[in-house]
Amino acid sequence: MAARARATRRGESLLRRAGAAFRDSVVDGAGTGAPMLQPRRPPWHALLFAAVAGAATVFAFAPFALTPLPLLTLGLLFLGWRDATPRQAAWLGFAFGLGLFGAGVSWVSIALHTFGGMPAVLAAIGTLGFCAYLALWPALAGWLAARVTAPAGVARLAAAAGAWALAEWLRGFVLSGFGWLSIGYAQLPGYAASVFAGYAPVGGVFLVSLAMAGVAAAGAALVPVAVDAAPGARRAAGPLALIAALAAGGIALDRIDWTRDDGAPLTASLLQGNVAQTLKFDPGFRERNFALYLGMVAESRGRLVVLPESAFPVFADEVPEAVLKSVLRTMTARDGDAIVGLFTAQPPATPGGDLRIHNSVVTLGAADVQEYRKRHLVPFGETIPADALVGWFIRRVLAIPLSSQSPGPPDQPPLAIAGTKVAANICYEDAFGADIRVQARAAAILVNVTNDAWYGRSVAASQHNQIAAMRALETGRPLLRATNTGITSAIDHRGREIARLPWFTHGILETTVQGRAGETPYVRFGDGVAAWLAALVVAAAAIGDRLRFRR
């Protein structure tokens, strides 16, 4: 027994020395144990590994649905940050982000080149520049975590989790915002409940991200346990307890029904015209387009009928009177209403100004005619930032119709139609929970109209549908999506998809939806809950780290 004990102690000592040598080789870059100045950037293989981990994270989102994957890939990134200088952590975060967004949103190039007519080289440069900008946010998260804490401690990993969620939140609104591929969305791959999805109605997608980042950080904290065997059990207790608490909290919150049924179920028809993007704005196709949708409206059975974004790709006064009267008669006869996507125009706000163009939906049927104007416009697609400086160049290389639109007012009321109240949003707007929750408070149903044909047969449509599901879960409201080429779907108030049409097909999705009333905590407080908690985690990690060293 004594001999076995001595052998065990020698083995533990060897493991500790090996672990120390490994950590020294990472820090001094030479493996000699001699102190050296750390390199300004991590070695190329570390950057490549981070980029591959970022690219692999895309498989966590729709349509692949490997939901737990970010817990692993983000944990690996946090391990890289653990011993890094702020500059090194920023480089690793940038590489991770370049992999994530380069693999996950490269479909932007399809809109620029295939349908926007931009030369392939310029489209590639523009897409790379966009992905590089998005990668700056993971870089910021890494820099912040390493800046406020000392290396190799638990505090560094805690700060990493908070900084990641904080950077996602900032990315969601700075410079118009682009919250696509926030890791919280990965909790809704098949629109079924998951371990952390219960946090969404409380603090939105960014609170889900914070919970997932917390688990990833706790998992990373467990890695050194295998190297230093003696105090391993004690050191593992905290991270394991955090993982258990976050998982248990998500499961418990998921059992709460934050909203209640409101009124009788409503029959709805969602129209998917499947009009090719190359034909959509072709004047020669206009009459066939009107006939296509008139036939679909007549064939539909719902009291609420929803046409896709810009189903009529003209200004309201260019729609033939016979078309408008036909839709009006059909819907009035069934005591219902249709939501029609088209463009509207207003006189200039000031004398001598330009005509204000709006991407809109209007209602036709038993209720009074109502309009919703898109508030959150797509940069370079519907509006040109710094138009006076770069507008001439963008219009020269990018042929996108109506690229100088005006946003609608932020306080538009829900549409009172088909015996209920509908919070409408158009395409890209459903990527912004902070905007959707404002209208949702007074509405029973969410409706999104979209034209994802701009992105061809890429993963964009599946990712977009997944994002819409998060909006339903956050607000506790069912959501109906009518899209030109797909994905047309019906999503219940718990974020679960209940029906969809096949992609790139012509069809009508007939469904029944139950409106909801009441407010989730997210509808009441918005993204502030997640942002403040993430900032608090970073601050607590920084303060705790300083107190530890003062002792």
Side-chain angles (χ1 to χ4, degrees), residues 263 266-275 280 285-346 357-375 402 408-409 412-427 429 439 443-451 479-484 488 490 506-513 515:
L266 175 69
T267 57
S269 303
L270 312 178
L271 311 190
Q272 183 170 293
N274 195 34
V275 176
K280 188 172 180 66
F285 186 74
R286 190 169 296 175
E287 295 304 319
R288 290 170 57 192
N289 185 74
F290 288 140
L292 168 73
Y293 280 110
L294 284 183
M296 296 180 77
V297 170
E299 185 184 346
S300 67
R301 302 191 300 270
R303 186 179 178 190
L304 175 65
V305 176
V306 186
L307 282 67
E309 176 187 16
S310 60
F312 295 167
V314 294
F315 287 102
D317 61 357
E318 295 176 314
V319 181
E321 184 178 353
V323 172
L324 298 175
K325 286 184 175 179
S326 176
V327 176
L328 189 65
R329 282 195 301 268
T330 299
M331 298 312 303
T332 302
R334 64 180 78 161
D335 191 29
D337 295 275
I339 296 176
V340 181
L342 41 67
F343 296 95
T344 58
Q346 283 187 299
I357 299 170
H358 299 285
N359 188 353
S360 304
V361 295
V362 299
T363 67
L364 296 170
D368 292 338
V369 174
Q370 296 159 67
E371 179 185 355
Y372 170 77
R373 298 168 184 161
K374 188 175 184 179
R375 296 172 295 163
L402 303 175
Q412 300 174 72
L415 305 173
I417 54 175
T420 190
K421 290 188 176 180
V422 172
N425 56 86
I426 299 175
C427 196
E429 287 189 304
Q439 268 196 311
I445 296 170
L446 307 179
V447 168
N448 174 260
V449 298
T450 290
N451 178 28
L479 186 145
L480 304 175
R481 300 188 79 232
T483 71
N484 177 24
T488 295
H506 170 91
I508 302 173
L509 180 60
E510 301 286 0
T511 188
T512 300
V513 62

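One-based numbering along the sequence shown. Fair warning: this is a prediction, and the values are worked out from it, not measured in the lab.
Judged by distance alone, with hydrogens and angles left aside, the side-chain atoms of K280 form no donor-acceptor pair with the main-chain N or O of N451 at under 3.5 Å. With hydrogens and angles disregarded, no donor-acceptor distance shorter than 3.5 Å links the side chain of E429 to the backbone of K374.
If you run side-chain contact (heavy atoms from CB on, under 4.5 Å) between I339 and each of L480, L270, I417, only I417 comes through.
Not counting sequence neighbours, Q439 has no partner by the side chain to side chain donor-acceptor pair (under 3.5 Å) test. Listed by chain and residue number, nothing satisfies the side chain to side chain donor-acceptor pair (under 3.5 Å) test with N289 (two or more places apart in sequence, or in another chain). Considering only residues two or more places apart in sequence or on other chains, N274 meets the side chain to side chain contact (heavy atoms under 4.5 Å, CB included) condition with T485, F504, H506. Applying the side chain to side chain contact (heavy atoms under 4.5 Å, CB included) rule to K421 yields the partners P414; only residues at least two apart in sequence or on another chain are considered. For T332, the side chain to side chain contact (heavy atoms under 4.5 Å, CB included) partners are L328, not counting sequence neighbours. For N425, the side chain to side chain donor-acceptor pair (under 3.5 Å) partners two or more places apart in sequence, or in a different chain, are N448. Every residue meeting the side chain to side chain donor-acceptor pair (under 3.5 Å) condition with T488, not counting sequence neighbours, appears here in chain and number order: Q272, T483. Scanning for ring-ring contact (aromatic ring centres under 6.0 Å, His included) contacts around F312 gives F290, with sequence neighbours left out.
Between V275 and F285, some side-chain heavy-atom pair lies under the 4.5 Å cut-off.
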Can you list, pair by pair, the side-chain donor-acceptor contacts under 3.5 Å of residues 364-371, counting residues two or more places apart and other chains?
unit_1	atom_1	unit_2	atom_2	d
Q370	OE1	A416	N	2.8
Q370	NE2	D368	O	3.1
Q370	NE2	A416	O	3.0
E371	OE2	T344	OG1	2.8
E371	OE2	S360	OG	3.1
E371	OE2	R373	NE	2.9

Can you give the donor-acceptor pairs under 3.5 Å from side chains of residues 292-306 to other protein atoms, not counting sequence neighbours?
unit_1	atom_1	unit_2	atom_2	d
S300	OG	V297	O	2.6
S300	OG	R334	NH1	3.0
R303	NE	D335	O	2.7
R303	NH2	D335	OD2	3.2

Can you give me every donor-acceptor pair (side chain of residues 316-325, partner residue at least two apart or in another chain, under 3.5 Å) with its distance?
unit_1	atom_1	unit_2	atom_2	d
E318	OE1	F315	N	2.9
E321	OE2	K325	NZ	2.9

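Across all their heavy atoms, F343 and N359 have their closest contact at CD2-CA, 3.9 Å. Here the closest heavy-atom approach between residue T511 and residue A490 is recorded as OG1-CB, 3.9 Å.
From H358, atom NE2 reaches atom CD1 of I426 across 11.0 Å, with rounding to the nearest 0.5 Å.
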